[in-house]
Amino acid sequence: MIPQLDKLKNTDSGNFFLMAGPCAIEGEKMAMEIAEKVVAITEKLKIPYIFKGSYRKANRSRLDSFAGIGDEKALKILQKVRETFNIPVVTDIHTADEAAMAAQYVDVLQIPAFLCRQTDILVAAAQTGKLVNIKKGQFLSADAMQFAVNKVRESGNNNIALTERGTTFGYQDLVVDYRGIPVMKAMNVPVVLDITHSLQQPNQASGVTGGKPELIETVARAGIAVGADGIFIETHPNPAEAKSDGANMLRLDLLEQLLTNLVLLKQTVNQLG
């Protein structure tokens, strides 16, 4: 399944769709450079593309962690990406009050995994009429996401996606249970695999999340093989200098080869039916 979005291109290619961009909007120049690069790659490979960028990071471990450059400033950068490249954009919201504000600038409202059971946020996002992408809580089974889906549907919005982003494994690791992808697909919504967040190592003693980016292609291949409709990748020209989640991001210059490999795999999956 492919999300219903006016600006989404290449929807008849048979490819997975891609949500990709920086973890947080750090500035206009960086966001535009990443968008330009990913648009070029996805047009070449005929991949439907949604630009991702968080206008604010509300769930940092430490008070001194980077949280954003200012809500309106970051949202206007997302809007500029949207208008310049004529592509849909997605951002996170963290409270019910943010839904209507963010919806003025973006095409997709994303509900963070920690907040996926918050009824007021889900209802507010639904009422904007935007596509609502709900990340599965690290603490929930795939089956339990039916209740989040129902909250959005019963609020009058049937434009929903679900995202797998790993399940808590001990205190400082995550694992992906790939059985959850077909379970959530059975809810009649597009299902996304968030590859880079699935490789986080949260709750480090330093207060800065760790990660295993060397496993990005491994997790991505498995996700495509079991039928994920879309993939989610955070990418940055220099992850070591990224202001948020650099430990698990994909270096931007590695993205084209990864996507090329995944397109070939997707073609095989399509042939197998």
Side-chain angles (χ1 to χ4, degrees), residues 3 5 7-9 17-42 47-60 65-95 98-99 101-115 125 128 130-135 161 163 165 192 194-197 200 209 211 213 216 230-253 255 259:
L5 293 169
K7 292 179 177 290
L8 195 61
K9 303 180 179 70
F17 65 94
L18 173 69
M19 292 181 171
C23 177
I25 297 297
E26 300 173 7
E28 181 178 315
K29 183 175 183 290
M30 177 270 286
M32 297 295 283
E33 287 178 354
I34 293 174
E36 182 177 24
K37 177 70 172 177
V38 183
V39 165
I41 295 169
T42 53
I47 297 171
Y49 174 49
I50 303 167
F51 178 85
K52 183 270 167 182
S54 296
Y55 72 90
R56 176 156 48 89
K57 301 300 293 184
N59 59 338
R60 302 296 83 189
S65 297
F66 175 78
I69 60 174
D71 292 357
E72 186 176 11
K73 183 177 181 181
L75 284 166
K76 286 184 174 178
I77 291 171
L78 285 166
Q79 184 180 47
K80 184 170 183 179
V81 168
R82 180 179 189 266
E83 293 174 351
T84 301
F85 299 102
N86 193 33
I87 55 173
V89 298
V90 55
T91 199
D92 313 77
I93 60 170
H94 316 90
T95 67
E98 294 178 25
M101 174 188 69
Q104 299 176 61
Y105 300 91
V106 304
D107 305 272
V108 184
L109 296 177
Q110 183 164 279
I111 311 301
F114 286 127
L115 301 176
T128 67
K130 300 290 184 178
L131 172 64
V132 181
N133 180 38
I134 313 169
K135 288 198 167 183
T163 295
R165 54 94 72 234
V192 182
D194 180 344
I195 297 160
T196 47
H197 284 107
Q200 283 183 329
T209 297
I216 285 173
I231 59 173
F232 180 112
I233 297 175
E234 287 187 340
T235 184
H236 192 283
N238 187 352
E241 295 181 359
K243 295 183 178 180
S244 177
D245 280 4
N248 52 268
M249 279 203 272
L250 178 69
R251 209 172 70 223
L252 185 58
D253 63 357
L255 181 63
L259 293 177

side-chain contact (heavy atoms from CB on, under 4.5 Å) evaluation trace for Val192 with Phe17: CA-CA 9 Å; Val192 182; Phe17 65 94; 3.5 Å; yes
Under 4.0 Å between a side-chain nitrogen and a carboxylate oxygen: does that hold for [X] and [Y]?
{"X": "Glu98", "Y": "Arg56", "result": "yes"}
{"X": "Lys29", "Y": "Glu33", "result": "yes"}
{"X": "Lys135", "Y": "Asp194", "result": "yes"}

When you compare the side chain of [Y] with that of [X], does any pair of heavy atoms fall below 4.5 Å?
{"X": "His94", "Y": "Leu115", "result": "yes"}
{"X": "Ile231", "Y": "Leu259", "result": "yes"}
{"X": "Lys80", "Y": "Tyr105", "result": "no"}
{"X": "Ile34", "Y": "Pro237", "result": "yes"}
{"X": "Phe51", "Y": "Leu78", "result": "yes"}
{"X": "Lys37", "Y": "Leu252", "result": "yes"}
{"X": "Leu109", "Y": "Asn133", "result": "no"}
{"X": "Ile25", "Y": "Ile69", "result": "yes"}

Does [X] reach the main-chain N or O of [Y] with its side chain, forming a donor-acceptor pair under 3.5 Å?
{"X": "Thr235", "Y": "Gly21", "value": "no"}
{"X": "Lys52", "Y": "Phe232", "value": "no"}
{"X": "Lys130", "Y": "Ala99", "value": "no"}
{"X": "Thr196", "Y": "Met249", "value": "no"}
{"X": "Thr128", "Y": "Ala103", "value": "no"}
{"X": "Thr42", "Y": "Pro48", "value": "no"}

Would Arg82 and Asp107 satisfy salt bridge (charged side-chain N to carboxylate O under 4.0 Å, His left out), going step by step from the backbone distance to the final call? CA-CA 9 Å; Arg82 180 179 189 266; Asp107 305 272; 2.8 Å; yes
What is the minimum heavy-atom distance between [X] and [Y], and which atoms define it?
{"X": "Thr91", "Y": "Gly53", "answer": "OG1-O, 2.7 Å"}
{"X": "Ala102", "Y": "Ile93", "answer": "CB-CG2, 3.8 Å"}
{"X": "Ala161", "Y": "Leu131", "answer": "N-CD1, 4.0 Å"}

Answer yes or no: are there more than 12 heavy-atom neighbours, outside [X] itself, under 6.0 Å from its atom [atom1]?
{"X": "Glu36", "atom1": "CD", "result": "no"}
{"X": "Lys7", "atom1": "NZ", "result": "yes"}
{"X": "Gln79", "atom1": "CD", "result": "yes"}

Please lay out, stage by stage, how Val38 and Tyr49 fare under the test side-chain contact (heavy atoms from CB on, under 4.5 Å). CA-CA 8 Å; Val38 183; Tyr49 174 49; 3.3 Å; yes
[X] [atom1] to [Y] [atom2] distance, which is reported to the nearest 0.5 Å:
{"X": "Met19", "Y": "Glu234", "atom1": "CE", "atom2": "CD", "value": "12.0 Å"}
{"X": "Glu26", "Y": "Ile77", "atom1": "CD", "atom2": "CD1", "value": "10.5 Å"}
{"X": "Leu255", "Y": "Asp253", "atom1": "CG", "atom2": "CG", "value": "9.5 Å"}
{"X": "Met101", "Y": "Tyr55", "atom1": "CE", "atom2": "OH", "value": "3.5 Å"}
{"X": "Met30", "Y": "His236", "atom1": "CE", "atom2": "NE2", "value": "5.0 Å"}
{"X": "Ile216", "Y": "Leu250", "atom1": "CD1", "atom2": "CG", "value": "4.5 Å"}

With side-chain contact (heavy atoms from CB on, under 4.5 Å) as the test, would you mind laying out the steps for Val106 and Val90 before giving the verdict? CA-CA 6 Å; Val106 304; Val90 55; over 6 Å; no
Going through the checks in order, is the side-chain contact (heavy atoms from CB on, under 4.5 Å) test met by Val108 and Leu5? CA-CA 9 Å; Val108 184; Leu5 293 169; 3.9 Å; yes
